[in-house]
There are 2 protein chains.
Amino acid sequence: MLSKLIYQAFFEGSARGSAQEVGAGQRHDILRKGERSPYVTMVIDGWAASYTQLSHGPRQLHTIFLPGDLCDSGVSHTGVLDYSVMALSRVRLACLPRELFDGLTEGHPALARAVWRQELLQAAMLRQLTTAIGTKPAHERLAHVLAEIFLRMQARGYTENDSCPFLITQSDLAELVGLTPVHVNRMLQLLRRDGLIVQGGRTLRIPDMQRLLQVARLDPAYLGLGKVSAPEEEPDPRPMAL
Amino acid sequence: MLSKLIYQAFFEGSARGSAQEVGAGQRHDILRKGERSPYVTMVIDGWAASYTQLSHGPRQLHTIFLPGDLCDSGVSHTGVLDYSVMALSRVRLACLPRELFDGLTEGHPALARAVWRQELLQAAMLRQLTTAIGTKPAHERLAHVLAEIFLRMQARGYTENDSCPFLITQSDLAELVGLTPVHVNRMLQLLRRDGLIVQGGRTLRIPDMQRLLQVARLDPAYLGLGKVSAPEEEPDPRPMAL
DNA sequence: CGAATAGTTGACTAACGTCAATACTAGTGG
DNA sequence: CCACTAGTATTGACGTTAGTCAACTATTCG
C-alpha cells in the first residue's frame, strides 16, 4: 500500500526546495552497489528495480519499484547499499537529503512506522518471489509477477478497469524470475493463448485476475491490499505529481 | 552479527521471569503462517528456518535461524506472520511477550536499532539467496549457502578452526536452494571430491574458505562481518546460555 | 535391536538454456 | 514524412541441467 504519509514527506520536502526532482534516462543505474547515497530516493513516475549482478555474470532483479516506492530507505541503518537500482523505463525521482529524512522520521512516529512497513512489505514480496523462483515452473512464475505488479499498480490507482501500464521488457522479466528471455517469450505466449493476459504496446490487460492468481498459485494477502476481486470501482485516483 | 543487546534483552526478560524458554522437538513448526504470535521468539540453541509452502506443494526455505537470531521481530509492525518457522534440529527457544519487547525497544533506541539491523541483514541474505537460486548452477548455490552458514556460525563463536556444527539435512538444503534432494546429494559429492568441503556426522569442515567463496562467486561483505580470512583466532566465545 | 529417517545410486525424462536467424517497433535525424 | 537504427520480440533446432522414479544402503534414535 502506498503510504500517503511518505508521499507527503517528499511533497513537503519538495515545497521547501529540499527534495530534488531528477529525471533519469531509460535503462541507467540510479544507485550503485557500495554507494552511500546522501539522498533517500522515491520513484515518482516510471518504473525502477533493485538488482545484484554477478561479476561478469547475469543479473537478478529483486524488487520492482513503482511510483511512490522508496528505493533505499534501509540504507540509513546499514551505511552502504548492498544492491544497485536501475531505471526500467524513463523515470522521475524525488531525492530527499538523508539527514532531513531521518529527522522527519524521528520527529514523526507514524511516518517512521510507514517506512518500516514499506520495508517489511518489500521483504514479504521478496520471500514470495524467492518461493516462486525456487519452486514454481516458468509459466507460474510469470503469472505470479504479472499479477503482483498489476495489483500493486491497481492499489495506487494506475489501472483502468482490467488494464495497466506495463513498462518492462521480456528481458527484464527474465532477470526477475530467473529464466532466459527466450523462455519467457514462449511462456508468455502460452499465457496469452490461454487468455490469461492480453499484452499490447506498453499495456497489460488481465481479463480474469482470479484465474491468473490460481494459475500462479498465489494468495495476494501478503501485499496487504485487502480483498482482491473482480474489477469494480477504482480506489483513489493517482496521487498528485510532485 | 549477533547483537549482544538483543541477547541481553532476552536474558533480562528471562531473569525477570518474563521470557519463556521452550524446547521444541525436531522438525516441528514453531510458528505458523497467519498466526499473530503473542511472543517474540529467539533461537537459543539449535537451528530453525522460515519457509512458505505452496498448497500441497513443495516448501521454500527463506532464512536459516542460528542461535541468537530473532524469528519474528517484524511481526509487531505488520500484525500477522506471512511465513512459517520450523525447527530443523532440536531447538531451544526464548519467547518474550511482544508488548514487553516492544516496550523495551521504545525505551532503548540502541536496542531498536539493533533489531532493525537484524531485520535488514536478513533481507540482505534473502536477496543473495534469491540471486543464487535465480542465476547460479546447483553446485554454486550449495557452495553459497554452506559458506554463508559457516561464516555466520563463526561470527558467533560456534566454530572450531575450520569445522562447524551442521544440523541440516540434504532435503532441507534442497528446499533452501530450490533443487531436489537427489540433485543436492550429487552436487555435494562433487564439492567433496574437489576438497571444498568435508562432511562427517553433524559437522561441516571447510578447509579453504576463500576457494569455496570463489566457487560460490560470493562476496560475503553483505554479512557485515568484516574481513573473512584464513582460520585465525576465534572471535568471542559463545554467549552464555539462558 | 528394530523402525524410521537420511543418504546414495542408476536409468530415464522433461524443462529450460543456447545459438542463431528473422521480424517487428519505436525513437532519431535528415 | 520517411528511412535508418537499435532495441525488442519471435521462431526453430538442438544441448544440458536438473527432475523423476525406484531401489538400496547407512545412520540415528527410541
Side-chain angles (χ1 to χ4, degrees), chain A residues 23 25-28 46-47 54 57-60 86-90 132-144 146 165-193 197-204, chain B residues 23 25-28 46-47 49 54 57-61 86-91 132-146 165-193 197-204:
Chain A
Q26 220 161 334
R27 329 232 108 248
H28 279 97
W47 293 7
L54 270 39
R59 270 189 299 226
Q60 175 68 47
M86 69 170 180
L88 296 176
S89 67
R90 259 191 268 267
I133 297 177
T135 68
K136 292 179 189 174
H139 67 280
E140 296 185 10
R141 298 186 206 176
L142 287 167
H144 176 133
L146 296 180
F166 196 72
L167 308 177
I168 193 179
T169 71
Q170 292 185 359
S171 296
D172 296 329
L173 279 175
E175 294 185 337
L176 181 60
V177 298
L179 296 167
T180 50
V182 172
H183 203 59
V184 165
N185 182 291
R186 295 199 242 255
M187 294 301 107
L188 284 178
Q189 289 179 46
L190 220 158
L191 294 178
R192 287 193 284 243
R193 252 173 245 141
I197 62 173
V198 183
Q199 244 186 318
R202 316 239 103 86
T203 307
L204 168 68
Chain B
Q26 221 161 328
R27 328 232 110 248
H28 279 98
W47 292 8
L54 270 40
R59 269 188 300 228
Q60 175 69 46
L61 304 193
M86 69 171 178
L88 297 176
S89 66
R90 258 191 268 267
V91 170
I133 297 176
T135 68
K136 294 179 188 174
H139 68 280
E140 297 185 10
R141 297 186 207 175
L142 287 167
H144 176 132
V145 298
L146 295 180
F166 196 71
L167 308 178
I168 193 179
T169 71
Q170 292 185 358
S171 296
D172 296 329
L173 279 175
E175 293 185 337
L176 181 60
V177 298
L179 297 167
T180 51
V182 172
H183 203 59
V184 165
N185 182 292
R186 296 199 242 256
M187 294 300 108
L188 284 179
Q189 290 179 46
L190 220 158
L191 294 178
R192 288 194 285 242
R193 251 174 244 139
I197 61 172
V198 183
Q199 243 186 319
R202 316 238 102 87
T203 307
L204 168 68

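A note on names: the letters A, B, ... follow the listed sequences, proteins ahead of strands, and every chain is numbered from 1.
Projected onto DNA chain D by closest heavy-atom contact, B:Thr180 and A:Gln199 fall at different nucleotides, the more 5' of which corresponds to A:Gln199. If you find the closest nucleotide of DNA chain D to B:Val184 and to A:Thr169, the one lying nearer the 5' end belongs to A:Thr169.
Overall, the helix from C:dC1-D:dG30 to C:dG30-D:dC1 carries an axis bend of 60° between its ends, with five pairs at each end and the value rounded to 10°.
Checking C:dT9, C:dA20, C:dC16 against every side-chain atom of A:Ala138, the shortest atom distance belongs to C:dC16.
Of the listed residues (B:Thr135, B:Leu176, B:Val177), just one forms a side chain to side chain contact (heavy atoms under 4.5 Å, CB included) with B:Arg141, and that residue is B:Val177.
Annotation: the span from A:Leu146 atom CG to A:Leu173 atom CG amounts to 6.0 Å, rounded to 0.5 Å.
The backbone N or O of A:Val184 sits nowhere less than 3.5 Å from a side-chain atom of A:Gln170 that would complete a donor-acceptor pair.
Put simply, the side chain of B:Arg186 and the base of D:dT20 share a donor and an acceptor less than 3.5 Å apart. A donor N or O paired with an acceptor N or O is not found under 3.5 Å between the base of D:dG7 and the side-chain atoms of A:Arg27.
As judged by a 4.0 angstrom heavy-atom cut-off over every strand, B:Leu188 is placed among residues making no nucleic acid contact. Using a 4.0 Å heavy-atom distance criterion, A:Pro137 is classed as a sugar-phosphate-only contact.
Contact annotation: B:Asn185 side-chain N/O to C:dT8 OP1/OP2 distance is under 4.0 Å. Regarding contacts with the backbone of D:dT8, every side-chain N or O of A:Arg202 stays at 4.0 angstrom or more from both OP1 and OP2. Of the side-chain N and O atoms in B:Gln170, none sit less than 4.0 angstrom from OP1 or OP2 of C:dT5.
A:Arg202 is linked by a salt bridge (charged side-chain N to carboxylate O under 4.0 Å, His left out) to nothing, counting only residues two or more places apart in sequence or in another chain.
Shown here is B:Arg90, whose CZ atom has no more than 12 heavy atoms of other residues, nucleotides or ligands within 6.0 Å.
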